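Worksheet: the structure to be examined is printed underneath.
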There are 2 protein chains.
Amino acid sequence: MLAVPANRLDDQLISALRTGVLRLSRRLRLELGGDLTLTQMSVLGTVSREGPLTIGELANHEHVKPPSATRTVTSLEGAGLVARSSSDDDGRQVLVTITDAGSELLAGIRRRRDAWLRDHLDQLSDDERQVLEAAAPLLDRLAQS
Amino acid sequence: MLAVPANRLDDQLISALRTGVLRLSRRLRLELGGDLTLTQMSVLGTVSREGPLTIGELANHEHVKPPSATRTVTSLEGAGLVARSSSDDDGRQVLVTITDAGSELLAGIRRRRDAWLRDHLDQLSDDERQVLEAAAPLLDRLAQS
DNA sequence: TATTGTTATACTCTATAACTATA
DNA sequence: TATAGTTATAGAGTATAACAATA
């Protein structure tokens, strides 16, 4: 069988993917709840994943400018979720690390979000779940490329 | 063949989906560019899709409070992207409609985002594209449910 | 009286520019 | 001099509370 013209398929796929990804992402954020703002949550997650980071490194990861990183770190530090320490190598640098309380709060947020996804995945058929299973790593690859 | 325990599969799927969707969504937003903020973009999109809306309806769609909707509409109106008119039915209500300039700006944003997705989809195999094709509507269903 | 939208006020997030401390 | 981080200042987004106009 001859291939369906690729452009036509791509157009539909792109539009559907854009809508699906954006809407699901929004719902996921809404279902999060918790006391943190999105900015604080994102920074906390980055510090958790990427280990001790300087303010500059954190700003780069978050795609914000250093003053914004400073402000968010200050608020998280005030809540006891991250800690500042000075670098041994360079006295100008500040190292930001996550605290135990920060890790626990983050875990709670992930639990809530995953619980929501779990509830809603139950409404799908086995076949549909298999499709999503194959698609998930592709979405991530798309985001990294 | 006996079924693999569903819980184990679900755990992996949920985690992978969460990561993939959130990262792709963030990348999509980053690739957008343009002069609008995310809030303005979202409101403009909603007004475009949902036709004339009152401030209250718009606030509900966007999950914000009426004062926030008022503020965003005022900024978009100042940029000539939406227009306010008063309702014939109820003198208290304000109807918000998109202007031609608003529609054009929105189309440009979608073009940029879709162009990025198109470039990156080209790096996938045909099989992988088919998986995404099947997954896209499922993501949307998940978001609506 | 109840409802719709706006205005008043306060807080967070972001940016640029100026400043401080260290290299 | 250059760099890392902070502080100063300004503008957008959000909320709650108070207000105006209309139902």
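Note that the structure is a prediction, hence the values are computed from the model and not measured. In what follows, chains are A, B, ... by sequence order, proteins preceding strands, each numbered from 1.
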Does [N] have its OP1 or OP2 closer than 4.0 Å to a side-chain nitrogen or oxygen of [X]?
X	N	answer
A:Thr74	D:dT6	no
A:Ser75	C:dT12	no
A:Ser68	C:dA15	yes
A:Thr70	D:dG5	no
B:Gln40	D:dG13	yes
A:Arg84	D:dT6	yes

Measure from [atom1] on [X] to [atom2] on [N] and round the result to the nearest Å.
X	N	atom1	atom2	result
A:Leu95	D:dA4	CG	C1'	12 Å
A:Ile55	D:dT6	CD1	C1'	9 Å
B:Leu38	D:dT14	CG	C1'	14 Å
A:Leu58	C:dT14	CG	P	11 Å
B:Lys65	D:dC19	NZ	C1'	19 Å
B:Arg71	C:dC11	CZ	P	15 Å
B:Glu57	C:dT3	CD	P	16 Å
A:Asn60	D:dG5	CG	P	10 Å

So CG of A:Leu132 and CG of A:Leu139: to nearest 0.5 Å the spacing works out to 9.0 Å
Task: Spatial distance of atom OG1 (A:Thr54) from atom CG (A:Asp89) [nearest 0.5 Å] - done: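 Here the interatomic distance stands at 11.0 Å.
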Note: B:Arg129-B:Asp126 ion pair, threshold 4.0 Å (strictly below): yes
Any side-chain heavy-atom pair of A:His61 and A:Val47 under 4.5 Å = no
Side chain to side chain, A:Gln93 and A:Ser86, heavy atoms closer than 4.5 Å =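 A:Gln93 vs A:Ser86: side chains apart.
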- When you get a sec, tell me which of C:dT12, D:dA17, D:dT14 is the closest nucleotide to the side chain of B:Pro67?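 Looking only at heavy atoms from C-beta outward on B:Pro67, the closest nucleotide is D:dA17.
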Between A:Thr72 and B:Gln93, whichever has its closest DNA chain C nucleotide further toward 5' is B:Gln93
*asked:* Return whichever of B:Arg92 or A:Asp88 has its heavy-atom-nearest nucleotide of DNA chain C closer to the 5' end.
replied: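 It is B:Arg92, whose closest nucleotide lies nearer the 5' terminus.
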Base, sugar-phosphate alone, or nothing: which one does B:Thr54 contact when heavy atoms must sit under 4.0 Å apart?
-> sugar-phosphate
